[in-house]
Amino acid sequence: MTIRCVFPLMLAATLTPVACAQWSPDPATNLTVADRAGEQVQPKIRVHADGSSSVVWLDNAAGGYDTYVSRLSPTGADQWAHNGVLVINTGYSSTQDYGFDIDAAGRSVVAFRDDTSGGSHIGVQLLDADGVPVWSPATTRVTTASTANAPQVAATNDGSFVVGWSGGSAFRLQRLGATGVAQWTPGGINLQPATGSYAVSSIVASDAGAVIVLWIRYVGNFLSNKHLYAQKFDASGAALWNGGNPVIVFDANSIQNGYFPTLASDGAGGAVFGWYETGGIRSAYVQRVGANGVEVFGHNGVAAATNTGRLRLQPSFAFDGAAGEVYMFWPETNVGQNQWGIRAQRITAAGTRAWGDSAREVLPLSGVQPSFVRCTPAGGGVNGFWFVSSGQAAGIKGIQLDSAGTPVWPGGIIDVCTVASVKGRLDAATGPSGCSYLAWHDNRADSNNIVAQVVNADGSLGPCDTGCPSDIDRDDDVDSDDIVLFFTGWDAGDGDFDGDDDSDSDDVVGFFLAWDQGC
């Protein structure tokens, strides 16, 4: 099926031809999400239950990196104004990381730096499914000091939001209720070591309104060894694990300067972690901490590979909750750092390396350096995606491996993007039916735009195939709304239901046969 547009019903009823974008089936014409003059950078993408998606980025079109959010329908059409909704207008001349999450109501919450009244505060805003700010004023500030950096945020499962940010030698946490009012102590809960410093790295929602936080502990100054700590905080802000003391996830040697690993919920009250080291055997690691705060694997985690002569870098991991297994992809280089490749590993629930001590080779070493390797779960396997060449005009590739490490997609490695342009900050998220949603910034048209692509579970490109072609609005209900939307696209020449590249009476017949069957 190719239905290129999903329109608001009032517009659809007019049957007026309207030009619009969609998720492309062609790797040479990916979907452009934002294309103002100037540059748009550092996108993040999240996927809603119906297959629609929200994308956030930093936009320098007006001077100062402002924060924008866009909402795309399941077919890739803009649900809000093209180029997104402005969240905050700032004067920053450079960028840092920021926080982004979605909640069960289809809303987007963004945490960002705010310099609108001097200094550098942390603001948070919630946008409803129509792109309308929920909280007033436009910036709900959570900071009392004006030297805050790199916020992270998570939407909890009880309708609240927890934001964390770093400043000085500490980081802070604050919980916001449904109306945006701070729930914890003014200025946030302060976490600070007796020596060295802390910096928040990642936050995820857990059970019963709790969150799990990963942070970096600098043993001394910025150049000292950096370890990974974690803690689970309940809805009142109480630390639940290890008698209130941090769980030390990694303290063997150090992680890289400027590297901020992520964590993922395990769906059972615990979390999964992945990172790489700058000492030891230069490997990437996986750890799982259970709901009770106890490390499931040995202290300092399980090495994804142990073979010598390789430096493992910036891994991405995906957790298979049904099997309790962790899949990991990473780029690696030789000791001379003039040859690069990609490998992958499956860590079993028992903490063993299922694909051997050297892991599964995805790309052999060569003089071309891949970058921004990302992976998503694939229902008993894993999808991996990467930029073909770091900092060079090149495309994006992908592969799916099953639980045995065998390639699944036709030809093994597929083209996700064949446009030879410089790209950056690839982000990946999992959607319905095993689809993967990707977003990145791309200089194919000007200094940088935001571009995105959906990859289906079978490796094809285009709108996420839910297996129900007549459910055009992807609301899990085949009804009159789908008829209106079909005829709107058909009238505009975008109703090629049978995939023969022609919108004609055969498409009408095919659609109604499928519609009458309920799918």
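Just so it is clear, the structure is predicted and the values come from calculations on it, not from any experiment.
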Taking the side chain as C-beta and beyond, is there a heavy-atom pair between Glu332 and Leu313 under 4.5 Å? no

Cation over ring, Lys44 on Tyr98, under 6.0 Å and within 45°? yes

Taking the six-membered ring for Trp and the full ring for Phe, Tyr or His, determine whether the centres of Trp440 and Phe372 are under 6.0 Å apart. no

Check: Phe112 and Thr90 side chains under 4.5 Å, non-hydrogen atoms: no

Between Val416 and Pro27, is any pair of side-chain heavy atoms under 4.5 Å apart? no

Within the distance-only criterion (no hydrogens, no angle test), does the side chain of Trp355 pair as donor or acceptor with the backbone N or O of Glu361 below 3.5 angstrom? no

Salt-bridge test for Arg71 and Asp128: reply yes if a basic N is under 4.0 Å from a carboxylate O, no otherwise. no

Check whether any side-chain heavy atom of Asn60 lies under 4.5 Å from a side-chain heavy atom of Val41, and answer yes or no. no

Within this structure, what is the CD-CD1 distance for the pair Gln231 and Ile212, rounded to the nearest 0.5 Å? 9.5 Å

Once rounded to the nearest 0.5 Å, what's the spacing between atom CZ of Arg113 and atom OH of Tyr65? 11.0 Å

Please lay out, stage by stage, how Thr376 and Asn383 fare under the test side chain to side chain donor-acceptor pair (under 3.5 Å). CA-CA 5 Å; Thr376 59; Asn383 303 319; 3.2 Å; yes

In Å, rounded to the nearest 0.5 Å, how long is the span from OG of Ser254 to CD of Glu277? 9.5 Å

Mind checking whether Trp409 and Phe385 have parallel, tilted or perpendicular rings, split at 30° and 60°? tilted

Once you round to the nearest 0.5 Å, how far does CD1 of Ile450 lie from CG of Asn83? 10.0 Å

Which of parallel (below 30°), tilted (30 to 60°) and perpendicular (above 60°) describes Phe171 and Tyr198? tilted

Flag side-chain contact, heavy atom, 4.5 Å: Val33 against Trp57: yes

Specify the closest pair of heavy atoms between Phe250 and Asn300, including all atoms of both residues, with the distance to one decimal. CA-OD1, 3.1 Å

Decide yes or no for Phe260 and Asp97: does some side-chain heavy atom of the first lie under 4.5 Å from some side-chain heavy atom of the second? no

Going by distance alone, is a donor N or O of one side chain under 3.5 Å from an acceptor N or O of the other, for Gln314 and Tyr259? no

Are side-chain heavy atoms of Arg444 and Cys417 found at a separation under 4.5 Å? yes

With a 4.5 Å cut-off on side-chain heavy atoms, are Asp357 and Asn307 touching? no

Candidate pair Trp330 and Tyr276, rule ring-ring contact (aromatic ring centres under 6.0 Å, His included), full reasoning: CA-CA 9 Å; Trp330 64 89; Tyr276 75 102; over 10 Å; no

Arg107 CZ to Ser54 OG distance, which is reported to the nearest 0.5 Å: 12.5 Å

Could you tell me whether a side-chain N or O of Thr143 sits under 3.5 Å from a main-chain N or O of Ile122, the two making a donor and an acceptor? yes

Would you please classify the geometry between the Trp386 ring and the Phe329 ring as parallel, tilted or perpendicular, with 30° and 60° separating the classes? parallel

Quiz question: by atom type and distance under 3.5 Å, do the side chains of Asn30 and Gln453 form a donor-acceptor pair? yes

Apply side chain to side chain donor-acceptor pair (under 3.5 Å) to Ser24 and list each qualifying residue two or more places apart in sequence or on a separate chain. Thr29

